[in-house]
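Worksheet: one structure, shown below.
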Amino acid sequence: MSEELKQLRNQIDTIDEELLLLISKRAGLAQQIGKIKKSGIIYRPEREAQILTRMQEQNPGPISSKHIKQLFIEIMSVCRALERPMSVAYLGPSGTFSEDAALKRFGNAISTLACDSIDEVFRAVESDSANYGVVPVENSTEGAVGRTMDLLLQTSLIICGEIQLAIHQFLMAQQSGLSHIKKIYTHPQSFAQCHQWLKVNLPQISDIAFVTTASNAEAARQAAADAHAAAIASKRAAELFGLSICAENIEDDPKNTTRFLVIGKQLVDASGKDKTSLILSTSNHSGAIYKLLEPLARYGVSMSRLESRPSRAGLWQYVFFVDIEGHQQDQKVAAALVELRDKAAFLKILGSYPVT
Ligand SMILES: C=C(O[C@@H]1C=C(C(=O)O)C=C[C@H]1O)C(=O)O
């Protein structure tokens with residue numbers, strides 16, 4: 001070993017020892033905070049969002065802000081776990097994008113509960129089998145996830161956060177290469193997201209049998225038991241089922257993103273950069289939705305999403321899912337909400353939470 005290398009490694013060893021002491025000291029403080037929290041609610045999304053923003057703003061380099069964020073998410077994850085272990089339900093099985101989203105937000109020091117359906121995720125949180133749930137709400141290519149929206153309307157759960165996940169699809173099989181593929185297991189959404197790529201890159205496409213599965217992870221599991229088959233799934237699913245990557249990033253739209261929601265029972269305080277989600281309904285006369293939303297414009301509250309969904313209360317009757325900028329405790333948002341409540345036939349505040 002050269003003298004220079006030895007010296008640099010010695011410096012790293014010294015820094016690691018300092019880091020270890022500092023992280024342990026931080027964890028000790030989190031433990032003390034845990035004891036003070038009388039409400040029993042450990043996870044504070046607004047505080048974590050503020051820490052992540054501050055660390056990225058103060059990042060001196062050379063580490064990228066994205067990686068600084070990942071590091072601090074893991075540090076906070078282990079600190080939180082020392083206060084109290086936390087469980088997060090998600091749309092399983094293990095290896096799905098929902099699991100990726102849960103780990104992206106909460107870090108790895110959590111216990112996860114894989115659920116068979118979106119309904120089951122909601123039920124797990126409602127019955128306290130899990131502290132929080134992670135469910136998909138919209139995809140940039142495929143649009144809204146109706147079941148999540150229906151359950152937000154029906155249950156009393158609150159939105160505590162959102163997670164945006166870039167969805168990268170991988171083609172995987174027992175062996176690498178493309179020519180041996182005679183069958184592809186895929187979830188219909190993933191298939192729709194990769195359709196063009198498959199047509200261009202698989203000359204044998206007309207002879208390939210496409211088999212629909214309930215999730216990406218299930219597709220990978222099936223391909224792991226079939227030597228002539230491939231699956232479309234996430235990179236983590238390939239690792240989980242010991243598959244080789246045949247092609248990476250095969251999604252047709254490189255910006256393909258899914259937005260997930262964190263659902264729970266706790267009201268989240270303001271972080272300084274928040275959004276508020278509402279469900280509204282109005283009577284069915286001309287200009288009704290325009291008149292209903294007018295207070296938002298008057299108080300200068302921007303709307304970032306407006307989506308309609310059948311109300312299931314009557315034929316061609318709708319509820320509107322509205323996201324607005326700001327926290328429900330912000331003065332102008334609070335004032336606009338008072339007027340909305342007055343005008344709307346129905347108003348449900350689904351929660352205020354940090355924007356990501
Ligand atoms: C330590 C706390 O508890 C949790 C852990 C945090 C951390 O590690 O910084 C931040 C917020 C909470 O989710 C706290 O509330 O400050």
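Order of listing sets the numbers, starting from 1, for every ligand and every atom in it.
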* May I have all residue pairs that pass salt bridge (Lys or Arg N to Asp or Glu O under 4.0 Å) and include part of residues 171-196, sequence neighbours excluded? => Lys183-Asp226

* Fellow cluster residues of Leu240, listed by chain then number, with links counted only when side-chain atoms sit under 4.5 Å apart -> Phe170, Met172, Phe241, Leu243, Ile245

* Using the test side chain to side chain donor-acceptor pair (under 3.5 Å), find all partners of Lys348 that sit at least two apart in sequence or belong to another chain. => none

* Please check if atom CG in Asp116 has more than 12 non-hydrogen atoms from other residues, nucleotides or ligands closer than 6.0 Å. => no

Hey, what polar pairs (N/O, under 3.5 Å) does ligand 1 make with protein?
from: ligand 1; atom 1: 3 (O); to: Lys37; atom 2: NZ; distance (Å): 2.8
from: ligand 1; atom 1: 3 (O); to: Glu83; atom 2: OE2; distance (Å): 2.6
from: ligand 1; atom 1: 8 (O); to: Arg26; atom 2: NH1; distance (Å): 2.8
from: ligand 1; atom 1: 9 (O); to: Arg26; atom 2: NH1; distance (Å): 3.4
from: ligand 1; atom 1: 9 (O); to: Arg26; atom 2: NH2; distance (Å): 2.8
from: ligand 1; atom 1: 13 (O); to: Arg44; atom 2: N; distance (Å): 2.9
from: ligand 1; atom 1: 13 (O); to: Glu48; atom 2: OE2; distance (Å): 2.6
from: ligand 1; atom 1: 15 (O); to: Lys37; atom 2: NZ; distance (Å): 2.8

* Asked: Do any N or O atoms from the side chain of Thr155 and from the backbone of Leu151 form a donor-acceptor pair under 3.5 angstrom?
  -> yes

* Tyr43 and Phe106: aromatic ring centres closer than 6.0 Å? -> yes

